[in-house]
Amino acid sequence: MSITLPIALHDPQWLFTLFQQLDLGDRFFWSRSVDARALVGVGQAAAIETTGPERVSSAATAWRELRRDAIIEKISTDLPAYTSGPVLLGGFTFDTLTPRTDLWQNFPDGLLILPYLLFHSDEDKAGLTINALVDATDAYEQRANAVIETLQRLSHALQSTSAPSTEKPAPTNEEFITHNLLPAEQWKNQVAQAVEKIRAGEFEKVVLARAVQVEQANPFDVDATLQRLSQSYPGAYVFAIQRGSRYFMGATPERLVCSEDGQIQTMALAGSAPRGTTAEEDEHLGNELLHSEKNQGEHQFVVTTIRDALSTLCSRVWVADAPHLLKLKNIQHLETPIMGDLLPGHSILEAIEDLHPTPAVGGYPRLPALAAIGADEHLDRGWYAGPVGWIGTGGNGEFAVALRSGLVEGRQATLFAGCGIVADSNPESEYQESCLKLQVMLRGLGGEK
Ligand SMILES: C=C(O[C@@H]1C=C(C(=O)O)C=C[C@H]1O)C(=O)O
């Protein structure tokens, strides 16, 4: 049973903090400042957990079943269009080839949660959805009273606390102790070996990732981290998924797929260069990136693969003529927007199944590149570079690729970054590029003033 009520627009960060105080269970955060869309969930009315290579399609089947007998009420017509009604939030692992380690305990291959409460907003409307799994034996009056009590506590919390400052929290004065999970030289050797394999014709591109462990004296502040990320990366998807004492969180620039009324939007995002320190240097670096054969090459693998995947799902696919520059705070990328009209009966989960992993995070051709990642990377990627996002009714939803991200637990965090390796990649430059990508979470956590 799912009921959506209109609610005043509130800062999603604030709701995230209030939900912690209400003590209703694990929290979920999703927002992209530029399109003023946010989803903040807490607690669990139901969860779909899947395993193995069929983790996405099994989730799609389970979601169809869960929806079949649902009673869905919307107490107004003045509600956000795509996020009202039952919405599942969650994600999937990057792959199911690499053995999982303790690092990703409680993050199954596939997990979609129907939260107990979901605050959701677009530019000018907000809704609060209350979900509950109810069966014929339920003491419905008691259940209804529990919901009323929760809403009263939420309303009281909204009235009695003031909205947090919209200022970006200052960096912490904490000392970070950082440690490469694989020594830098070893990672660069791996890149050099991948280049050899590519030159020998084993595959054409592979994305190799690395991880850094960060520790400080006091627990990291997850709420302040989300606020820093949202303020520094307004175009990024800022997300957090809590599983007990752990949060998987980040600010990713990469949309995997957005589906609204049968229209899907995705992008090829691959090819990177640093930002310049002056406007001239920045323009120069951007122009170099746009005209770099190496970067255009690694970008084209992504465009071609996405176009081919969509051609079986869509009646029409539109690909921009050439990539443009996506300029982020400390890095710029090549981006090609891609859109399509989904064939009737297809949903966002089918699009994810076909698109993921794109060569932006896996490689090209897909299978030998994934085998090389499994054999050579020595890293449990878990949900890093996997799809994270939300799905609502009618096949609508949005998933991003979980990059610029990390797992945060108490005083420790494990941060991830990867780089596309092609025939003419240079191990030192790729290492430097991975450091730029790691900076997103390092600064988010309050480091690197
Ligand atoms: C793999 C990452 O980023 C991806 C790799 C890129 C590249 O190799 O140029 C650029 C953007 C992303 O598609 C990451 O941030 O960890």
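In each ligand, atom 1 is the first atom listed, and ligand 1 is the first ligand listed. Keep in mind it's a predicted model, so treat the numbers as computed, not measured. In what follows, every heavy atom counts, from backbone to side chain, and hydrogens, waters and symmetry copies are set aside.
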J.: Out of Ser425, Gly418, Cys419, Gly250, whose heavy atom is nearest to atom 2 (C) of ligand 1?
T.: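 The nearest heavy atom belongs to Gly418.
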
J.: Atoms of ligand 1 less than 4.0 Å from Glu298 heavy atoms?
T.: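 Listed by number with element: 7 (C), 8 (O), 9 (O).
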
J.: With a cut-off of 4.0 Å, which atoms of ligand 1 are near a heavy atom of Ala360?
T.: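 Those of ligand 1 that fall under 4.0 Å from Ala360 are 4 (C), 5 (C), 13 (O).
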
J.: Kindly list each side-chain donor-acceptor pair under 3.5 angstrom involving residues 103-117, sequence neighbours excluded, with atom names and distances?
T.:
unit_1, atom_1, unit_2, atom_2, d
Trp104, NE1, Asp380, O, 3.1
Asp109, OD2, Gly52, N, 2.7
Tyr116, OH, Thr150, OG1, 3.1

J.: Can you sort out which atoms of ligand 1 are near Ala417, meaning under 4.0 Å from one of its heavy atoms?
T.: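 Counting atoms of ligand 1 from 1, those under 4.0 Å from Ala417 are 16 (O).
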
J.: Within the structure provided, determine whether Leu334 and Leu269 are in side-chain contact (heavy-atom separation under 4.5 Å).
T.: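 A side-chain contact under 4.5 Å is absent here.
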
J.: List ligand 1 atoms under 4.0 Å from Tyr384, heavy atoms only on the residue side.
T.: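 Near Tyr384, meaning under 4.0 Å from one of its heavy atoms, ligand 1 has 1 (C), 2 (C), 14 (C), 16 (O).
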
J.: Please name the residue in the list Phe19, Phe239, Trp14, Phe16 that meets the ring-ring contact (aromatic ring centres under 6.0 Å, His included) test with Phe29.
T.: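 Single ring-ring contact (aromatic ring centres under 6.0 Å, His included) partner of Phe29 among Phe19, Phe239, Trp14, Phe16: Phe16.
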
J.: What's the shortest distance from atom 3 (O) of ligand 1 to any protein heavy atom, and which residue and atom give it?
T.: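 Sorting protein heavy atoms by distance from atom 3 (O) of ligand 1 puts Arg404 NH2, 3.3 Å first.
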
J.: Is the cationic atom of Arg316 (NZ for Lys, CZ for Arg) positioned less than 6.0 Å from the six-membered ring centroid of Trp318 and within 45 degrees of its normal?
T.: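 Relative to the ring axis of Trp318, which defines the angle, Arg316 lies outside at least one limit.
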
J.: Given the ring of Tyr237, does Arg32 sit roughly above its face, with NZ or CZ under 6.0 Å from the centre of the six-membered ring and within 45° of the axis?
T.: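 Yes, Arg32 and Tyr237 form such a contact.
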
J.: Starting from atom 5 (C) of ligand 1, which protein heavy atom do you reach first, and at what distance in Å?
T.: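 So the nearest neighbour among protein heavy atoms is Lys437 NZ, 3.4 Å.
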
J.: Angle class for the Phe301/Tyr364 ring planes (parallel below 30°, perpendicular above 60°, tilted otherwise)?
T.: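 The arrangement is parallel - the two ring planes meet at less than 30°.
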
J.: Can you sort out which atoms of ligand 1 are near Leu269, meaning under 4.0 Å from one of its heavy atoms?
T.: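 Answer, ordered by atom number: 11 (C), 12 (C), 13 (O).
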
J.: Identify, by atom number and element, the atoms of ligand 1 in contact range of Glu433, meaning under 4.0 Å from any of its heavy atoms.
T.: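 Ligand 1 atoms under the 4.0 Å threshold to Glu433: 7 (C), 8 (O), 9 (O).
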
J.: With side chains defined as the heavy atoms from C-beta onward, is the minimum distance between Thr129 and Thr83 less than 4.5 Å?
T.: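 Result no, sub-4.5 Å side-chain heavy-atom pair not found.
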
J.: Contact between Ala209 and ligand 1, counting heavy atoms under 4.0 Å?
T.: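 No, Ala209 has no heavy atom closer than 4.0 Å to ligand 1.
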
J.: Picking from Asp341, Leu342, Asn396, what satisfies side chain to side chain contact (heavy atoms under 4.5 Å, CB included) with Gln263?
T.: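 One option only clears the test, and that one is Asp341.
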
J.: Return yes or no for this condition: an N or O of Leu403 is under 3.5 Å from an N or O of ligand 1.
T.: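 For ligand 1, there is no N or O atom that lies under 3.5 Å from one belonging to Leu403.
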
J.: Please list, in number order, the atoms of ligand 1 under 4.0 Å from a heavy atom of Ser272.
T.: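 The list of qualifying atoms is 6 (C), 7 (C), 9 (O), 10 (C).
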
J.: Quick check: do Phe220 and Met249 have side-chain heavy atoms less than 4.5 Å from each other?
T.: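 A side-chain contact under 4.5 Å is absent here.
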
J.: Please indicate whether any nitrogen or oxygen in His333 is less than 3.5 Å from any nitrogen or oxygen in ligand 1.
T.: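 Not met; the criterion fails.
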
J.: Checking a contact table here: which protein heavy atom is nearest atom 8 (O) of ligand 1, and how many Å away?
T.: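 It is Gly420 N, 2.8 Å.
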
J.: Taking the six-membered ring of Phe94 (Phe, Tyr or Trp), confirm whether the NZ or CZ of Arg381 is under 6.0 Å from its centre and within 45° of its axis.
T.: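 Yes, Arg381 sits over the ring of Phe94.
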
J.: In terms of residue, atom name and distance, what is the protein heavy atom nearest to atom 12 (C) of ligand 1?
T.: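 Result for atom 12 (C) of ligand 1: Glu254 OE1, 3.3 Å.
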
